[in-house]
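Computed from heavy atoms alone, side chains included, the values below leave out hydrogens, waters and symmetry copies.
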Amino acid sequence: MMYPYITLADETLITHSHLKEENGLKIVDVHFERPIESGFDSARISLPSYRWIMREGFTDDEIKEFESITSSNAHLFYKYAEEGGHGLA
């Protein structure tokens with residue numbers, strides 16, 4: 001399940017996963033999705049590694065912006081993931 005976080009001006013929806021534990025590490029996935037004529041542009045990054053799991057349709061500049069958003073909001077993603085969501089979408 002993904003919880004809504006916020007919708008950007010270009011209609012990109014940012015959502016996050018619930019808090020997961022793998023090998024003693026707390027993990028949250030952050031997903032970016034923007035509607036386009038033929039479906040959606042999608043990208044997903046995993047915290048705390050900041051590794052991109054998926055990336056389709058977004059430019060390198062958009063991905064850099066998403067990395068900045070993810071970094072500056074990581075503490076909130078963890079907080080809301082632990083609480084079961086607290087979206088602002």
Side-chain angles (χ1 to χ4, degrees):
M1 174 172 192
M2 298 298 274
Y3 299 103
Y5 182 67
I6 195 167
T7 302
L8 304 179
D10 70 350
E11 298 185 16
T12 297
L13 175 63
I14 303 174
T15 60
H16 63 84
S17 69
H18 63 282
L19 191 63
K20 303 180 275 186
E21 268 197 55
E22 293 178 14
N23 301 320
L25 191 62
K26 292 182 178 182
I27 297 171
V28 177
D29 293 333
V30 180
H31 185 78
F32 300 84
E33 185 174 85
R34 176 178 57 205
I36 57 173
E37 210 170 289
S38 60
F40 294 92
D41 290 332
S42 298
R44 185 171 294 178
I45 192 169
S46 184
L47 299 175
S49 67
Y50 289 89
R51 181 178 57 89
W52 287 100
I53 299 168
M54 165 197 344
R55 179 180 163 183
E56 297 175 10
F58 289 109
T59 67
D60 289 342
D61 287 340
E62 289 170 322
I63 292 295
K64 285 179 188 172
E65 181 63 25
F66 296 160
E67 288 173 348
S68 177
I69 291 169
T70 303
S71 177
S72 62
N73 289 272
H75 65 291
L76 294 174
F77 290 126
Y78 273 99
K79 177 184 176 187
Y80 298 147
E82 195 163 30
E83 293 174 358
H86 181 73
L88 306 172

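Every residue two or more places apart in sequence or in another chain that forms a ring-ring contact (aromatic ring centres under 6.0 Å, His included) with F58 is listed here: F66. Applying the side chain to side chain donor-acceptor pair (under 3.5 Å) rule to T12 yields the partners D10; only residues at least two apart in sequence or on another chain are considered. Residues passing the side chain to side chain donor-acceptor pair (under 3.5 Å) test with S72, sequence neighbours excluded: none. Under the side chain to side chain donor-acceptor pair (under 3.5 Å) criterion, K20 pairs with D29, sequence neighbours left out. Under the salt bridge (Lys or Arg N to Asp or Glu O under 4.0 Å) criterion, D61 pairs with no residue at all, not counting sequence neighbours. With sequence neighbours excluded, the residues that form a side chain to side chain contact (heavy atoms under 4.5 Å, CB included) with K79 are E83.
Listed by first and then second residue, the salt bridge (Lys or Arg N to Asp or Glu O under 4.0 Å) pairs involving residues 37-51 are R34-D41 (not counting sequence neighbours). Sorted pairs that involve residues 34-56 and meet ring pair (Phe, Tyr, Trp, His ring centres under 6.0 Å), not counting sequence neighbours, are lacking altogether. The stretch residues 65-78 participates, sequence neighbours left out, in no salt bridge (Lys or Arg N to Asp or Glu O under 4.0 Å) pair at all.
Judged by distance alone, the side chain of S46 and the main-chain N or O of S49 form no donor-acceptor pair under 3.5 Å. A distance-only check finds a donor-acceptor pair linking the side chain of Y78 to the backbone of K26 [under 3.5 Å].
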V28/Y80 under side-chain contact (heavy atoms from CB on, under 4.5 Å): CA gap, chis, key distance, verdict | CA-CA 10 Å; V28 177; Y80 298 147; over 6 Å; no
List the steps and the verdict of side-chain contact (heavy atoms from CB on, under 4.5 Å) for F77 and I14.
-> CA-CA 10 Å; F77 290 126; I14 303 174; 4.0 Å; yes
side-chain contact (heavy atoms from CB on, under 4.5 Å) assessment of R55 paired with D60 | CA-CA 10 Å; R55 179 180 163 183; D60 289 342; 2.3 Å; yes
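L76 and L19 end up in the same hydrophobic cluster when Ile, Leu, Val, Met, Phe, Trp and Tyr side chains are linked at under 4.5 Å.
Scanning both residues, S17 and A81, for their nearest heavy atoms gives O-CB, 3.3 Å.
Atom CD of E11 is surrounded by 12 or fewer heavy atoms from other residues, nucleotides or ligands within 6.0 Å.
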